[in-house]
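Below is one structure; the comments refer to it alone.
Order of the sequence lines sets the chain letters (A, B, ...), proteins ahead of strands, with each chain counted from 1.
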Protein chains: 2
Amino acid sequence: MSTDGSRRRDVTVADVAKAAKVSKAQAARALGNYGAVSDDVRERVLAAAEELEYRPNELARSMNTGKSNTIGVVVGDIENPHFGLAMRGITDTAKKSGYNVILINTDEERAAEVDAVRVLLDKRVDGLIVAPASSLETSHLQQVRESGRPLVLLDRAATGVDVETFAVDMGSISYESTAHLIEAGHRRIAFVSTVRTDAPYVAGMKLDSSQISDRLDGIHRAFDDAGLPYPSDLIRLSAGDADSIRRITRELLGGPDPATAIIASDGLIALSVVEAIQESGLSIPDDVSFLMYDDFAWTRLTTPPLTVIAQPVYDMGIAAASALIRRIEGRKSTGPAPELVATLIRRGSIGAPKDAEVLSQAGG
Amino acid sequence: MSTDGSRRRDVTVADVAKAAKVSKAQAARALGNYGAVSDDVRERVLAAAEELEYRPNELARSMNTGKSNTIGVVVGDIENPHFGLAMRGITDTAKKSGYNVILINTDEERAAEVDAVRVLLDKRVDGLIVAPASSLETSHLQQVRESGRPLVLLDRAATGVDVETFAVDMGSISYESTAHLIEAGHRRIAFVSTVRTDAPYVAGMKLDSSQISDRLDGIHRAFDDAGLPYPSDLIRLSAGDADSIRRITRELLGGPDPATAIIASDGLIALSVVEAIQESGLSIPDDVSFLMYDDFAWTRLTTPPLTVIAQPVYDMGIAAASALIRRIEGRKSTGPAPELVATLIRRGSIGAPKDAEVLSQAGG
DNA sequence: TTGAAAGCGCTAACAT
DNA sequence: ATGTTAGCGCTTTCAA
């Protein structure tokens, strides 16, 4: 009957209306659940729709209503489990409220991000969630604000743009964990991040990633408070790909005054750093202590299990999506934004440095 | 001037046309890069558009052209790095051809998948990539075919639906790796998967996941060819969550006739299995051998590094997206579909079973 | 409650 | 090359 399989054009409200012997407007009302429709008409329309296998054209619907029930998400790297998990939080939340998600991956390129935002706006998404590749160059985000479409930030802040931001406070956790390392006797604490910089690092310098800036500030403060000099030479930014990170790790651990502890800025970096340490024949934590950001399940499987800074990434996704949808729907905030706090999970990868005695004499 | 910041309605072609003193049609042609437009007109229109900060409404554009330049992707769990990586392949490829991606996560629930497909169709995506939660119940996929919109399958096949499928041939790699284990002396080889089943497992049974069925068939054949009995009691499906997997692992390794080798069906399962092994105080591979599907970077960091079955997941994403886009654009296939072959990467987690002598006497 | 008609912002015929 | 006029499939006045 109806499944003749040929390239039939889509069934429209007009078709349904004709079949149900009502006006287009009435059919549309019944189908779209709005306006006033008598039970009799609704029944006939719904029956006809079913019979004809009618499916609404959401594009046309969106054109009229100005609502697409879609939110756009822009992240640097969906392959990174950090974002994979945040994405899960976002999609779960979106689905619950009847929204779909368009995902764009920028490879942490600002140009791609500018493009992504523009495309999403052109597609008339109802709102945007962006994990900005740069916290400094934010004019395109400012444009989103001016377009009037809701925007929230994920994972990183953006200077000069007045938007709700859902990210962990990195300064305090960085301070806390650095203090922990200092207390264990470490003075040569390295920090490895892939964040790109043009200029070589100097203390207090603003980086593309507010998160990394905050972490460095935290390290800085911990050293200051301990009355110790800040080993800026051990800050390694623009770390690049896996090979490059391994090389940097070897550099850090070789030389006359090697690092006694290494902090990896994310799980991907951590993999390469730990691999390089193992390849060097050094052991954790006897030869070098190790700390990383993000608590992935595999960090419990290494020997020793790794001490990590756990971030509530899934919750961050949920919070960002909830807030965005709230704004889209014009509802007021029901309460304070959820606290997104990172925690130091002490497992086995931090110990005393080999030359602990010497340092404790020198340091205090 | 133009940035008064108030809630101004969107600038349309009509506005641009008026400003450029040309007809709406001419403005649209200039802005949309189609039809014939004189240089003079084009310039004026583009200038006016710039001045007014005109942005096309892609929704309206899609309505007319019937093209949304969007593809829908439906996966079971974006949090799983397996899909994260495939997704990366898809988005990279899509972007290259000017397509956007709407992602829907189904949590491996068929009902959610049926819904997802419907929503995507309603949104008039140009094509669909689905990693079907069930290879058996596929009527909703058949409906996609009937809708005439291009569809390709990712990671798993679907019976009764005639579509291009991009998945690794699991039968042969499963056979090969099982043979490897048998050769090492193993007879009690367990297989742990989260695929859900109603009935208890019996040999040859068809499962929701074609991939798992194929793997089990491969195991089966390897045993048959070795002239050995098939230890069906060690096949553990519906393994559930992390706690449940740990419990199953303990069961497998306890009892009178324990497993001497365990195969984990994916990276997430592997984490729990290895964790349980470690908790039991057993060591790999001395007490129990271990093999897992998917080659994640962390598998090189455990002690010993894990033997894995590597799958070209990123390439799979690329292949699926390329094929889909080719179909959308009505181009013919330029060559044979790329081979997606899995490879056994032998690292340190497979050794001889403890009671190897006994077995080699018994088995031949 | 119903229907006719206007419109969303754009593209696509069809003239000229 | 340009303009006029219809649509795309739906929602939304506005009358009845």
*For A/Arg61 and D/dT11, is the shortest distance between a side-chain N/O and OP1 or OP2 below 4.0 Å?*
yes
_With a 4.0 Å cutoff (strictly under), does any side-chain N or O of B/Ser23 reach OP1 or OP2 of D/dG3?_
yes
*Nearest whole angstrom, please: distance from the C1' of C/dC10 to the CZ of B/Arg55.*
15 Å
*For the pair made of NZ in A/Lys24 and C1' in D/dT12, what is the distance, rounded to whole Å?*
12 Å
*Using distance alone, with no hydrogens and no angle criterion, decide if A/Gln142 and A/Arg145 have a side-chain donor and acceptor under 3.5 Å apart.*
no
*A/Asn57 has a side chain; which of D/dG9, C/dG9, D/dT11 sits nearest to it?*
D/dG9
*B/Lys18 has an atom NZ; how far is it from atom C1' of D/dG3, in whole Å?*
16 Å
_Shortest side-chain distance from B/Ala60, nucleotide among D/dT2, D/dT11, C/dG9_ = C/dG9
*If only side-chain N and O atoms of B/Tyr54 are considered, is one of them under 4.0 Å from the OP1 or OP2 phosphate oxygen of C/dC10?*
yes
*Check whether any side-chain N or O of A/Ser38 sits under 4.0 Å from OP1 or OP2 of C/dT2, and answer yes or no.*
yes
*Starting at atom CG of A/Asp39, determine the distance to atom C1' of C/dT2, rounded to an integer number of angstrom.*
15 Å
*Looking only at heavy atoms, which two atoms of B/Leu59 and B/Asn57 are closest? And how far apart?*
N-OD1, 2.8 Å
*Residue whose closest nucleotide on DNA chain D lies nearer the 5' end, B/Asn64 versus B/Val37*: B/Val37
*Between D/dC14 (P) and A/Arg29 (CZ): distance, integer Å*: 14 Å
*Which listed nucleotide (C/dT2, D/dG9, D/dG3) is nearest to the side chain of B/Met63?*
D/dG9
*Taking only N and O in the side chain of B/Tyr34, is any of them less than 4.0 Å away from OP1 or OP2 of C/dA12?*
no
*Taking atom NZ of B/Lys21 as the centre, does the number of heavy atoms from other residues, nucleotides or ligands within less than 6.0 Å exceed 12?*
no
*asked:* Hydrogens and angles aside, do B/His82 and B/Asp155 bring a side-chain donor and acceptor to less than 3.5 Å of each other?
replied: yes
*Starting at the 5' end of DNA chain C, which residue's closest nucleotide do you reach first, A/Arg42 or B/Thr65?*
A/Arg42
*Can you check whether B/Gln26 has a side-chain N or O nearer than 4.0 Å to OP1 or OP2 of D/dT2?*
yes
*asked:* Can you confirm whether the side chains of A/Ser68 and B/Lys123 place a donor and an acceptor under 3.5 Å from each other?
replied: no
*Atom-pair distance (CG on A/Asp10; P on D/dG9), nearest Å*: 7 Å
